[in-house]
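In listed order, ligands and their atoms are each counted from 1. The basis for the numbers below is simple: all heavy atoms, side chains too, and nothing from hydrogens, waters or symmetry mates. The shown structure was predicted, so the numbers you read here are calculated from the model rather than taken from an experiment. Along the sequence shown, residues are numbered consecutively beginning with 1.
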Amino acid sequence: MKKKLVKLVSLSAAAVMAAAALAGCGSSDDTLVMGTNAAFPPFEYTTSEGLVDEFDGIDVAIALKIAESMDKTLVIEDMEFDGLIASVKTGKIDMAVAGMTATEERAQSVDFSDTYFVASQVILVAQDNEDILSAADFLNDKTVGVVLGYTGDSIVTETLGVAEDKITRANRAIDVVQDVKNGKLDAVVVDSATGKALAEKNDLKVVEDPSVFDTEEYAIAVQKGNTELLDAINAVLAEMKENGEIDALAEQYN
Ligand code: ARG
């Protein structure tokens, strides 16, 4: 009898551990863990008084609504952008909300929600730069900064085929923006809303080139097969799109 009891106890401990593993180590029943890279205003950035701890931005506001709809507390894990997909995959975070473009390549590793924002890439150059009027001008021996692992990185590298020794890859957009300001780099390629915000702050010029830069759709990434969370996310996104809340956030954080 006693032996049986011990066995029962250890079995249920195993069950608890299995459940915890299934739910992912980052989350418990009452928290929803959002992974992001908070160097991407207006979608996510840090500030002295953020919506959640030091974090603020459009994505933080959306994620709060999602957590609220599920009766959970939102927890934010700030990490390198390049590590987000792996963290979703392994369950370290429940969802990546990071102005993330839903690409086919990423969709092989994670499931994406419906689109909540449409963007594209832009080029940032110094105000007095007269040589870069389109992306094709990069191929004229120009130096270009991108952020490691962003879609802008793969477009400059793969689509445009800029030579490796002309590309500088930083961990944050602001680092390569500084280089353009200081004259160390000719241009930066980054997402439009972030690029426009950075250009304004740093007195740079924005060059658009829709012939090369397609539209990109931002979506939230969850672990493959996590339909419960995906459905909850899509329900909130649908409501926020319909009642104009997403537009209002874009306006507010502009
Ligand atoms: N949209 C781009 C991409 O998906 C850049 C996203 C950067 N986001 C961030 N939170 N740092 O690659």
Side-chain angles (χ1 to χ4, degrees), residues 33-47 50-64 66 74 76-89 92-124 135 144-160 167-178 188-199 201 206 208 210 212-222 246 249-250 253:
V33 184
M34 154 185 175
T36 196
N37 167 259
F40 198 63
F43 292 92
E44 42 267 330
Y45 54 92
T46 52
T47 173
L51 272 180
V52 177
D53 306 324
E54 72 270 36
F55 303 106
D56 210 335
I58 299 170
D59 283 341
V60 180
I62 293 174
L64 262 181
I66 295 167
L74 184 69
I76 299 184
E77 295 261 1
D78 191 15
M79 58 183 76
E80 287 195 353
F81 185 79
D82 223 18
L84 283 169
I85 293 284
S87 297
V88 170
K89 221 174 151 176
K92 185 170 180 269
I93 56 176
D94 296 315
M95 57 181 188
V97 195
M100 185 180 278
T101 306
T103 65
E104 260 169 46
E105 193 187 340
R106 291 171 181 160
Q108 289 177 0
S109 310
V110 295
D111 282 345
F112 278 110
S113 71
D114 295 334
T115 304
Y116 66 91
F117 194 86
V118 177
S120 75
Q121 300 293 308
V122 294
I123 305 167
L124 307 184
V144 188
V146 295
V147 188
L148 183 74
Y150 281 20
T151 38
D153 181 0
S154 45
I155 293 169
V156 166
T157 310
E158 288 149 34
T159 315
L160 289 169
I167 304 174
T168 295
R169 292 188 182 83
N171 275 318
R172 298 175 315 156
I174 187 68
D175 298 333
V176 269
V177 162
Q178 287 297 344
V188 160
V189 172
V190 72
D191 294 55
S192 42
T194 304
K196 283 172 189 167
L198 287 170
K201 256 204 176 138
V206 179
E208 305 196 48
V212 169
F213 302 127
D214 288 336
T215 53
E216 299 186 18
E217 303 186 337
Y218 290 179
I220 296 174
V222 305
I246 301 243
L249 284 173
Y253 282 98

Sorted by chain and number, sequence neighbours left out, side chain to side chain contact (heavy atoms under 4.5 Å, CB included) with A197 holds for none
Rounded to the nearest 0.5 Å, how far apart are OG of S154 and CG of L160?
10.5 Å
Residues in salt bridge (charged side-chain N to carboxylate O under 4.0 Å, His left out) with D153, at least two apart?
R169
Can you work out which protein residues put a heavy atom within less than 4.0 Å of ligand 1?
N37, F40, E44, F81, A98, G99, M100, T101, R106, Y150, T151, D191, Y218
With sequence neighbours left out, what residues match E216 under side chain to side chain donor-acceptor pair (under 3.5 Å)?
T101, Q121, T151
Tell me yes or no: between the side chains of D59 and Y218, is some donor less than 3.5 Å from an acceptor?
no
Pair F117 + F43: ring centers closer than 6.0 Å:
yes
